[in-house]
Amino acid sequence: MNEVRVRIAPSPSGFLHIGTARSALFNWLYARRHGGKFLLRIEDTDTERSSKEMIDVIFESLKWLGLDWDEEPVYQSQRIDLYREHVDRLLESGRAYPCWCKPEVLKAKQQEAMKSKQNPRYDRTCYNLPEDEKKKLIDSGEKYATRLFIDDGATTFDDLVVGTVTKEHKELDDFIIARSDGRAVYNMAVVVDDHDMRISHVIRGNDHVSNTFKQILIYKALDIEPPKFAHIPLILGKDRSKMSKRDGAAGVTDYGRMGYLKEAVVNFIALLGWSPGDDREVMTIDEIIESFSLERISTANAIFDTEKLRWMNGEYIRACDNHKLVDLIRPFMVESGLVTQLWINSRWDWMMRYVSIFKERCQLLPEFAEQGRFFFADRIEFDHKGVEKHFNKEGVPALLGKWIDVLGGMEDFTVEKLEGALRGLAETLEVKPAALIHPTRLALSGETKGPPLFDMMELLGPEKCLERLKRAREFIKNSGERA
RNA sequence: GUCCCCAUCGUCUAGCCCGGUCUAGGACACUGCCCUUUCACGGCGGCGACAGGGGUUCGAAUCCCCUUGGGGACGCCA
């Protein structure tokens with residue numbers, strides 16, 4: 001079997017679309033699975049719309065996902081001449097011919113055809129021109145587009161995912177392979193590149209099958225062997241049409257910014273249209289590589305379900321080790337304004353404990369900042385319902401007073417000691433531990449929910465705990481007097 | 001409009017190629033109970049699908065046809 005060489009060929013539009021990312025992933029997986037090469041080709045022939053920055057975004061996105069490529073990227077903008085040579089070859093062999101038709105005229109004919117419910121096809125006006133007239137036009141230097149001559153018949157290919165697909169040539173056109181300025185058109189360039197790069201398998205979105213027929217026709221005209229094709233189902237947005245910016249995030253880096261882990265994103269998109277064949281879902285990249293195969297790619301399009309991505313992200317957060325997690329949440333902590341980069345660096349151990357008490361209730365990285373806000377706030381607001389439930393009850397201030405006394409005399413402010421102290425106090429006062437726990441939680445965090453109380457207290461430290469408890473006691477007394 | 005492709009729970013999917021083991025399995029979401037100081041995590045349950053109609057067959061989610069529904073492509077864009 002020949003070497004597996006696959007590629008991803010994004011056009012630099014300023015971001016790497018999630019659909020392109022998945023195509024890249026499937027190509028990469030295929031290459032890694034079969035010990036082949038994963039290549040990168042930048043389709044930047046549209047020079048006005050592409051720039052260095054946009055290309056860098058593609059590199060960054062691919063790197064972020066962990067999809068490393070094996071050879072120097074190929075830039076289409078640098079291969080214009082190569083394409084032209086092939087167009088000329090086609091022209092010389094008579095497989096393609098010049099067309100001097102004006103775009104306006106073409107458009108008019110198209111409209112007319114549509115009106116009479118005909119499939120709009122080029123009528124070969126220029127192909128049928130008398131030889132001497134063609135010669136005159138060429139000699140005059142009049143600009144012309146180049147069309148591929150399509151004869152009768154049909155084109156069929158065996159897609160590795162979809163199966164056998166056929167297109168009658170009468171549905172096709174003598175389509176243009178080079179513009180009147182001489183530059184080759186997309187389908188032409190792709191064929192030349194894929195052949196030149198010795199691509200063995202073209203794995204791409206299902207929206208390309210119509211291009212595939214055209215490309216195969218070009219391969220034939222050029223007398224070269226086409227690669228194998230595998231068209232993967234599309235990723236649809238909530239509205240069931242091709243995913244776009246309106247569906248939240250279009251670029252993969254957006255997901256990073258929103259607080260998704262790359263492992264989760266990769267795992268999730270791998271499962272869109274592919275499955276290992278058993279019940280595994282949360283899988284390491286090595287496991288995915290090992291079980292990956294084109295045969296197991298489904299034929300039906302898939303809707304991008306953000307809910308499930310969030311769940312999976314939570315799974316990855318929980319499985320993530322604390323040190324790495326601190327590193328990951330750092331930008332979000334800083335962005336929230338809670339702490340500085342420096343602060344985190346100097347209190348790394350504390351941060352490790354911090355993430356450990358929040359990791360099982362966060363699905364997205366920014367939630368570490370949101371949920372733990374009270375740790376850093378100078379003054380906390382008490383949740384209204386919580387005040388009703390836990391503060392405005394007989395004897396709460398007195399209870400808190402006793403608790404404050406106990407805490408004030410504590411030497412080791414540890415989870416075990418704290419728990420022992422609280423339960424001990426509850427017993428002597430003949431109340432349920434919960435009667436102390438709930439008001440304390442509210443006093444310390446302003447919330448009725450959150451991490452285990454004693455973990456919170458230990459992390460918060462004695463000064464803050466005491467201070468907040470006292471403030472809560474005052475708060476209750478004051479609101480009681482007002483009432 | 002023309003052509004191509006697709007069709008299992010709301011969503012992602014297993015099963016389909018090689019019909020019986022499918023009273024259709026898993027996951028997300030929703031939901032009940034348990035664990036528990038709250039929330040969450042976790043555990044155990046529940047809800048929930050073979051688009052419809054014809055064939056073929058002793059037997060069809062699985063094979064064939066039609067209908068319906070969905071998506072995509074129809075540029076001198078990529």
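Atom set for the values below is all heavy atoms of this structure, side chains included, hydrogens, waters and symmetry mates excluded.
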Should [X] and [Y] count as an ion pair when the cut-off is N to O under 4.0 Å?
X	Y	answer
A/K417	A/E419	no
A/E458	A/R353	yes
A/K228	A/D159	no
A/E281	A/K308	yes
A/R124	A/D174	yes

Within the 4.0 Å heavy-atom criterion, would you say [X] contacts the bases, only the backbone, or no part of the nucleic acid?
X	value
A/S180	base
A/S13	nothing
A/G273	sugar-phosphate
A/R318	sugar-phosphate
A/G277	sugar-phosphate
A/R296	sugar-phosphate

Problem set entry | Given RNA chain B, 5'-ward residue of the pair A/F268 and A/K214, judged by closest heavy atom |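 The answer here is A/F268.
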
Exercise. Start at the 5' end of RNA chain B and walk down; is the nucleotide closest to A/R22 or to A/V165 reached first?
Worked result: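 By nearest-heavy-atom nucleotide position, the 5'-most residue is A/V165.
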
For this session: If a pair satisfies side chain to side chain donor-acceptor pair (under 3.5 Å) and one of its residues is in residues 209-220 of chain A, list it, with sequence neighbours excluded.
Result: A/N187-A/N211, A/N187-A/Q215, A/R204-A/T212, A/R204-A/Q215, A/H208-A/N211, A/T212-A/H231

Exercise. Can A/K134 be said to sit on top of A/Y127's aromatic six-ring, NZ or CZ under 6.0 Å from centre and within 45° of the ring axis?
Worked result: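 Geometry flag: set, cation within 6.0 Å and 45°.
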
Exercise. Do A/R22 and A/F26 meet the cation-pi criteria used here (NZ or CZ under 6.0 Å from the six-membered ring centre, within 45° of the axis)?
Worked result: yes

Do the ring centers of [X] and [Y] come within less than 6.0 Å of each other?
X	Y	result
A/Y122	A/F175	no
A/Y144	A/Y97	no
A/W311	A/Y316	no

Counting Watson-Crick and G-U wobble pairs only, both distances under 3.5 Å, name the nucleotide matched with [N], or none.
N	answer
B/C35	none
B/U11	B/A27
B/U2	B/A73
B/C50	none
B/G19	none
B/A40	none
B/G59	none

When the distance from [atom1] of [X] to [atom2] of [N] is rounded to whole Å, what number comes out?
X	N	atom1	atom2	result
A/I216	B/C4	CD1	P	15 Å
A/D159	B/C5	CG	C1'	10 Å
A/L106	B/C74	CG	P	16 Å
A/I177	B/A78	CD1	P	14 Å
A/L160	B/C5	CG	C1'	16 Å
A/Y122	B/G75	OH	P	15 Å
A/H17	B/A78	NE2	P	19 Å
A/D383	B/C39	CG	C1'	12 Å

Problem set entry | Check: A/Q363 main-chain N/O paired with A/E367 side-chain donor or acceptor under 3.5 Å | yes

Side chains of residues 382-395 of chain A: which donor-acceptor pairs under 3.5 Å do they make with residues two or more places apart or in other chains?
residue	atom	partner	partner atom	Å
A/D383	OD2	A/K385	N	3.3
A/D383	OD2	A/G386	N	2.8

Exercise. So A/F368 and A/F358, would you call those rings parallel, tilted or perpendicular, with 30° and 60° as cut-offs?
Worked result: perpendicular

Verify whether one side chain among [X] and [Y] offers a donor that lies under 3.5 Å from an acceptor in the other.
X	Y	result
A/H169	A/T155	yes
A/T440	A/W403	yes
A/N301	A/K242	no

Could you list the protein-to-nucleotides 71-73 of chain B atom pairs, N/O on both sides, closer than 3.5 Å?
residue	atom	partner	partner atom	Å
B/G71	O2'	A/N301	ND2	2.8
B/G72	OP1	A/K242	N	3.0
B/A73	OP1	A/K242	NZ	2.8
B/A73	O2'	A/S210	OG	2.5

Would you measure the distance from the [atom1] atom in [N] across to the matching atom in [M] and give it in whole Å?
N	M	atom1	result
B/C65	B/U56	C1'	11 Å
B/G1	B/G26	C1'	43 Å
B/U8	B/G25	C1'	11 Å
B/C33	B/G70	C1'	40 Å
B/U62	B/A7	C1'	14 Å
B/U68	B/U31	P	39 Å
B/U13	B/C35	P	38 Å
B/A49	B/G42	C1'	28 Å

For this session: Among the candidates B/C4, B/A7, B/A78, find the nucleotide nearest to the side-chain atoms of A/T45.
Result: B/A78

Output one letter per nucleotide in [range]: B when a protein non-hydrogen atom lies under 4.0 Å from the base, S when only the sugar-phosphate is that close, - when neither is.
range	result
nucleotides 43-53 of chain B	-----------
nucleotides 18-38 of chain B	--------BBSS-------BB
nucleotides 60-69 of chain B	----------

For this session: Kindly say if A/S298 contacts the phosphate of B/C6, meaning a side-chain N or O under 4.0 Å from OP1 or OP2.
Result: no

